[in-house]
2 protein chains.
Amino acid sequence: MVKKIKLSKPALNRAEKRQHKLDSILRHAAAAFMDKGYYKTSLDDIARLHKVTKPTLYYYIKNKEDILIKCEDVASLRINGLLDSVTATTENGFQQLQAFIEGYVKIVTDDIIRCHIRHRGQREDPIAREASLNMHRDIEYRVREILAKGVDDGSIRACNTTIIAILLFDAVNGISAWYREEGEISHDELVEQVLMLVAEGVKNNT
Amino acid sequence: MVKKIKLSKPALNRAEKRQHKLDSILRHAAAAFMDKGYYKTSLDDIARLHKVTKPTLYYYIKNKEDILIKCEDVASLRINGLLDSVTATTENGFQQLQAFIEGYVKIVTDDIIRCHIRHRGQREDPIAREASLNMHRDIEYRVREILAKGVDDGSIRACNTTIIAILLFDAVNGISAWYREEGEISHDELVEQVLMLVAEGVKNNT
DNA sequence: TTATATTGTTACCCATGAGTAACTTAAACT
DNA sequence: AGTTTAAGTTACTCATGGGTAACAATATAA
């Protein structure tokens, strides 16, 4: 008889497993929210995607809205992480803006980011609502700061950085609603077109 | 005793009155949808805004979703009307694009237009959903045609008109979510900034 | 092996809100 | 005037779905 090897600690401890489960729930939920919208997605739907029953979800989340909040936390980390790395360089403002857009177009197809973009500010709890709006404002503000830096160092023309930041951010956020990686348009072409628009506009000056 | 003057036909006949009531319902509904979102707005809420009771609404609308559909019809008429007048001129593509953006920024603060932008495609009935998406696609297509005309006549630089049309359209549609006429930013400043971005981008080329 | 905390289940409660039936009041056209 | 149509009301039905209580199974630790 083969001697049983005593298994050392399982590959993943409880906390890690729990975290994985939560991540999976958030992913499934975000995908469902993007597919059918928040209100048309029931907790039973989400539970089914995750192959558990509804009450089990409550072991990982506080309530339905908490899913949205947790998704947003993940999205916030990723977007702010991108902004951190972009603004940490010694490049000029315009180059940082380019880098941000490139990075943003890469992550904007992720369901959790898409979910955040589509559902931000849609909270029933006024505190959660405020937090969501503030989080978005903070990000927008950081984009504005990049523009301001560019205006300052001369790489970006003088403009109302508040307005321009919102317009640009809305344009790239919009990508999350229509762009599909499997579709006709390649990622590179998309980035190229966005960058050209941002840099030069559309007017022909030749 | 004063002789009673026989009143001639009332100022508004029934069909007109009915139309006015319907318009008012749509307006109230659109405002409520923008304030709280479609699903958080009950028919009782809308009825209350209109100072009637819920069943009365059913004299004017088929069901809740029908409100969204009727709002969209109004929005479609206005946006396509703008596109009609813009494309009827002999101006070049870039000038037509400018004219469209100017006109669009003017109407984008209207609750019914905002409601359409926010809720397009969000239909339970698959046929209504398809209709909503097609309507939006048609408009987007017409913007693309303006760009294509501009590329053709040399007023707009060569670009992927499909992508650029969506990006620009998303940027201006986004305005409906944040711009308030009572706010800090004047309408003229907003239009100026949008047109500058569209024309020249943000890069400083001096 | 046994005790304990962790996951999970079945079966329910209950608030909400869309939609309807049946009835009342007001207006308009002979 | 009286009849008809429009417009509105009160009082319901009923499906949906978030959330919970109470119980069952599984895994970890002693």
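Below, read A as the first sequence line, B as the second, and so on, with proteins coming before strands; counting in each chain starts at 1.
- For the salt bridge (charged side-chain N to carboxylate O under 4.0 Å, His left out) with R78(A), the qualifying choice from D73(A), D110(A), D84(A) is D110(A), the only one to do so.
- In the set dT9(D), dA7(D), dT9(C), the nucleotide with an atom closest to the side chain of T53(A) is dT9(C).
- K17(A) has its NZ atom 10 Å from the C1' atom of dT26(D), to the nearest Å.
- The nearest whole Å value for the distance from the NZ atom in K21(B) to the C1' atom in dA27(C) is 11 Å.
- Across the protein-nucleic acid pair, K36(B) atom NZ and dT16(C) atom C1' stand 12 Å apart, rounded to whole Å.
- A donor-acceptor contact closer than 3.5 angstrom is absent between the side chains of Q96(A) and N92(A).
- Between E124(A) atom CD and dA15(C) atom C1' the separation is 13 Å, expressed in whole Å.
- Contact check, R18(B) against dA6(D): no side-chain N or O comes under 4.0 Å of OP1 or OP2.
- Per the geometry, CZ belonging to R48(B) stands 12 Å off C1' belonging to dG17(C), to the nearest Å.
- Atom OH in Y59(B) sits about 17 Å away from atom P in dA21(C), given to the nearest Å.
- Side-chain contact between I156(A) and K203(B) is absent, with no heavy-atom pair separated by less than 4.5 Å.
- H50(B) has its NE2 atom 11 Å from the C1' atom of dA7(D), to the nearest Å.
- Contact annotation: the side chain of T161(A) never approaches that of I164(A) to less than 4.5 Å [non-hydrogen atoms, C-beta and beyond].
- Between N80(A) and S76(A), the side chains place a donor N or O and an acceptor N or O closer than 3.5 Å (distance only, hydrogens not considered).
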What is the per-nucleotide protein-contact pattern of nucleotides 11-22 of chain D, from the 5' end, where B denotes a base atom under 4.0 Å from a protein heavy atom, S denotes such proximity for sugar-phosphate atoms only, and - denotes neither?
B-----SBBB--

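- Between Q19(A) atom CD and dT6(C) atom C1' the separation is 16 Å, expressed in whole Å.
- Under the 6.0 Å cut-off for aromatic ring centres, F169(A) and Y104(A) qualify, their centroids lying closer than that.
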